[in-house]
Amino acid sequence: MTYAPRRPIDVPPYQLQPLLSGFTDALSRSAGHPVSVRCAQAIGSEIYVGCSNGELLRFALQGGATDSQESYTLLSRQSIPNEKPIDEIVLAPSISRALVLSDHQIHFYTLPALDVVSHNVIKPIRNVVTFAVDEQHLRRPPQLANDIPVPVDPIEFCVVKRNAISLYSLRERLFFQKEIPLPTGGVLARRTGRYLCIADKENYNVVDLIQASLVPLLPISQAYDSDIVVKPSITVISENEFLILSWTGASTIGVFISGEGDPVRGTLEWPSHPEAVSLDYPYVTTLLPNNTIEIHSIETQTIAQVIPAPPEGPGPLSGDRKALIACFNGFFIPSAQRTEKLRPTPVRLVRRGGAKVVTQKGNADDTVPDLPAL
C-alpha cells in the first residue's frame, strides 16, 4: 500500500476550481423532471456537456469587464434526435468533429459550433455497445483559421458491437475498414495505435487490430465469491501502454500492460476500487468512494497528493454525477487574478523641452531631461 508524502515540498500543485454550476436546475425546471450531467469534454475556451435528457450544451469562456472575473457562458443547446441520455462525447479537433454516443448510436457534429453533420454525408452508426477512438489521433491539435492549410489525416476508431469490432476512419466522410469477430463481446474499450484494450463482463483483453489476434489479460474482479459489482477501468498511458484495474477482494491493483499484453513498470494500489481514473502524465488521478482524489506518480508508483473531491450538489441525482475527464488538448481556466493584473497603474511620461511630469496626485515632479534622438 502506498501513502501520501510527509514533506509538502513533494506535492505537485493540483487544486480544484469550479467551472460551471447551477445550470442543471434551470434544465430540470424546464423539463419538469430532474436533469443531470452524464458526460463532458473541453478544448480551448469551449466546454461541451451531455445531459440525461438528451440535451447537448455548448459553453464558452467569455471575458467580463476589467473589474469582474471571466466565466463560462451557455452559447447553445440542442437535443439529440432521440432525446435519450448522452453517454459519451469525444472531440477530434484535428478534423473539427465531435462524436456523440446516445442510445447505442454514434452521432457526428462539427466543431466548434456543434452543427449536425448531414445524414446525407454521414449516417449515425447503430447497434453500438461502446467505441474507442485512437487516442494518439485525439491528441492532434486543431487547425486554426490563420494557419497555413495542410493535408489533414483521418482519425481511426473502433466500434464494439455485440459480437464484433468494426473499424472505421473519419475525415469529411466515414469509411468502413473491416470487422473483427469478438465472441465474448465488450463493455469498455480504449485504443492506442494498432492495439485495443477491451473489457468484457469478466476479463480484460488486448486485441492486435492488424493481426486480428486477442490476448487475455486479467480478471476485472479476482474476488470470485463476492457479490460486489466492479466497474472495469482502462486508461491509455502511451503509444504502447495501458493501465487496467483489478479488484482483489481487499484492495484494487493497477497494472501497466503493453500492447502485446506484457506487464511493465510496477503496480499501483488503492484501498477501495476507484470510481474514475484520469491521466495527466506523469501522474494518474483517481476518484475514490471516500470522496478523495489521489494523485499517483507513474514513474515511482507512489502517492504524490491527496485532495478532497468537490462536495455533492443538492439535487436528487447528485450522488452519481462525479467523474474525472481527461481533455487531450487542454482548456482555459478563468483567472481569479485578472482584476489584480489589469488594475490601472500610473506611468511617468517623458516630454521634450525639459517639461515637468505630473504624477497621479497632480503635483509637479522633477524636471526630466530630453532624451537624445537616434
Please answer: with hydrophobic residues joined when any side-chain heavy atoms are less than 4.5 Å apart, are Ile295 and Leu16 in the same cluster?
yes
Ignoring hydrogens and geometry beyond distance, is a side-chain donor-acceptor pair present between Glu299 and Ser297 at under 3.5 Å?
no
Testing the basics here: between Leu75 and Ala60, what is the closest heavy-atom pair and its distance to 0.1 Å?
CD1-CB, 3.3 Å
Ser251-Trp270 side chain donor-acceptor pair, cut-off 3.5 Å:
no
Check: Thr192/Gln136 side-chain N/O donor and acceptor closer than 3.5 Å:
yes
Side chains of Ile80 and Tyr109 in contact at under 4.5 Å (non-hydrogen atoms)
yes
Minimum heavy-atom distance between Asn203 and Pro219, given as atom pair plus value
OD1-CA, 3.4 Å
Given the rule that I, L, V, M, F, W and Y join up when any side-chain heavy atoms are under 4.5 Å apart, are Ile237 and Leu218 in one cluster?
yes
Rounded distance (nearest 0.5 Å) linking atom OG of Ser94 with atom CG of Leu111
10.0 Å
Locate the shortest heavy-atom distance separating Ala199 from Ile234; write the atom from each residue and the value.
N-CD1, 3.9 Å
I want to check something: taking the side chain as every heavy atom from C-beta on, are Glu275 and Pro289 in contact at a cut-off of under 4.5 Å?
yes
One should read off an interatomic distance between Ile47 CD1 and Ile325 CD1, to the nearest 0.5 angstrom, of 9.5 Å
Determine yes or no for a side-chain-to-main-chain donor-acceptor pair under 3.5 angstrom, with Ser258 supplying the side chain and Asp262 the backbone.
yes
Check this for me: Lys178, atom NZ, are more than 12 non-hydrogen atoms of other residues, nucleotides or ligands nearer than 6.0 Å?
yes
If hydrophobic residues (ILVMFWY) are linked whenever their side-chain heavy atoms come closer than 4.5 Å, directly or via other members, who joins Tyr224 in its cluster?
none
Check whether any side-chain heavy atom of Val277 sits under 4.5 Å from a side-chain heavy atom of Thr285, and report yes or no.
no
How would you list all residue pairs meeting salt bridge (Lys or Arg N to Asp or Glu O under 4.0 Å) that involve residues 237-252, not counting sequence neighbours?
Glu241-Arg265
Are any non-hydrogen side-chain atoms of Ile43 and Phe331 less than 4.5 angstrom apart?
no
Distance check, rounded to the nearest 0.5 Å: Thr235 atom OG1 versus Ile244 atom CD1?
10.5 Å
Between the OG atom in Ser246 and the CG atom in Leu217, the distance rounded to the nearest 0.5 Å is 10.5 Å
Whether His104 side chain and Arg126 backbone form a donor-acceptor pair below 3.5 Å
no
Specify the closest pair of heavy atoms between Gln105 and Pro124, including all atoms of both residues, with the distance to one decimal.
OE1-CB, 3.9 Å
Less than 4.5 Å apart, side chain to side chain, heavy atoms only: is that true for Ile220 and Glu202?
no
His107/Val116 under side-chain contact (heavy atoms from CB on, under 4.5 Å): CA gap, chis, key distance, verdict:
CA-CA 8 Å; His107 304 268; Val116 179; over 6 Å; no
NZ/NE/NH1/NH2 to OD/OE distance under 4.0 Å, Arg191 and Glu156:
yes
Co-membership, hydrophobic cluster, residues Tyr48 and Leu19, 4.5 Å side-chain:
no
Restricting to non-hydrogen atoms, name the atom on Ser102 and the atom on Asn82 that form the minimum distance, rounded to 0.1 Å.
OG-OD1, 3.6 Å
Between Phe59 and Phe23, is the ring centre distance below 6.0 Å?
yes
Verify the cluster assignment for Leu243 and Ile257: are they in a single hydrophobic cluster under the rule of side-chain heavy atoms below 4.5 Å apart?
yes
Check step by step if side-chain contact (heavy atoms from CB on, under 4.5 Å) holds for Phe242 and Tyr204.
CA-CA 11 Å; Phe242 301 92; Tyr204 294 104; over 6 Å; no
By side-chain hydrogen bond (donor to acceptor under 3.5 Å, both in side chains), Arg190 pairs with (sequence neighbours left out) none
For Leu174, which fellow cluster members are found when Ile, Leu, Val, Met, Phe, Trp and Tyr are connected by side-chain heavy-atom distances below 4.5 angstrom, either directly or through intermediates?
Val90, Ile95, Leu99, Leu101, Ile106, Phe108, Val117, Val121, Ile122, Ile125, Val128, Phe131, Val133, Leu138, Val152, Ile155, Phe157, Val159, Tyr168, Leu170, Phe176, Phe328
Step-by-step ring-ring contact (aromatic ring centres under 6.0 Å, His included) determination, Tyr14 to Tyr283:
CA-CA 11 Å; Tyr14 283 96; Tyr283 297 103; 5.8 Å; yes
Side-chain donor or acceptor of Asn240 paired with backbone N/O of Gly259 under 3.5 Å:
yes
If you link I, L, V, M, F, W and Y whenever their side-chain heavy atoms are under 4.5 Å apart, who else ends up in the same group as Leu209?
Val160, Ile165, Leu167, Ile180, Leu182, Leu196, Ile198, Val207, Leu214
Looking only at heavy atoms, what is the nearest atom pair of Ser52 and Pro34, with distance?
OG-O, 4.2 Å
Salt bridge (Lys or Arg N to Asp or Glu O under 4.0 Å) pairs, two or more places apart, involving residues 28-46
Arg38-Asp87, Glu46-Arg58
Apply the test side-chain contact (heavy atoms from CB on, under 4.5 Å) to residues Glu269 and Thr252: give CA-CA distance (whole Å), side-chain angles for both, the deciding distance (0.1 Å), then the verdict.
CA-CA 6 Å; Glu269 189 172 3; Thr252 289; over 6 Å; no
Count the heavy atoms belonging to other residues, nucleotides or ligands that lie under 6.0 Å from CD of Gln177, then report whether that count exceeds 12.
yes
Same hydrophobic cluster for Val229 and Trp247, using side-chain heavy-atom links shorter than 4.5 Å among ILVMFWY?
no
Rounded distance (nearest 0.5 Å) linking atom OG of Ser45 with atom CD1 of Ile333:
12.0 Å
Taking the side chain as every heavy atom from C-beta outward, state whether Leu245 and Pro274 have any pair of such atoms under 4.5 Å apart.
yes
In the structure I gave you, are the side-chain heavy atoms of Thr292 and Leu287 within less than 4.5 Å of one another anywhere?
no
As an exercise, state the distance from CZ of Arg140 to CD of Glu135, rounded to the nearest 0.5 Å.
13.0 Å
Is there a side-chain contact between Cys51 and Leu27 (heavy atoms, below 4.5 Å)?
yes
Evaluate Thr110 against Ser96 for side-chain contact (heavy atoms from CB on, under 4.5 Å), listing each step before the verdict.
CA-CA 6 Å; Thr110 64; Ser96 301; 5.9 Å; no
Going by atom types alone, do Asn53 and Glu55 pair a side-chain donor with an acceptor below 3.5 Å?
yes
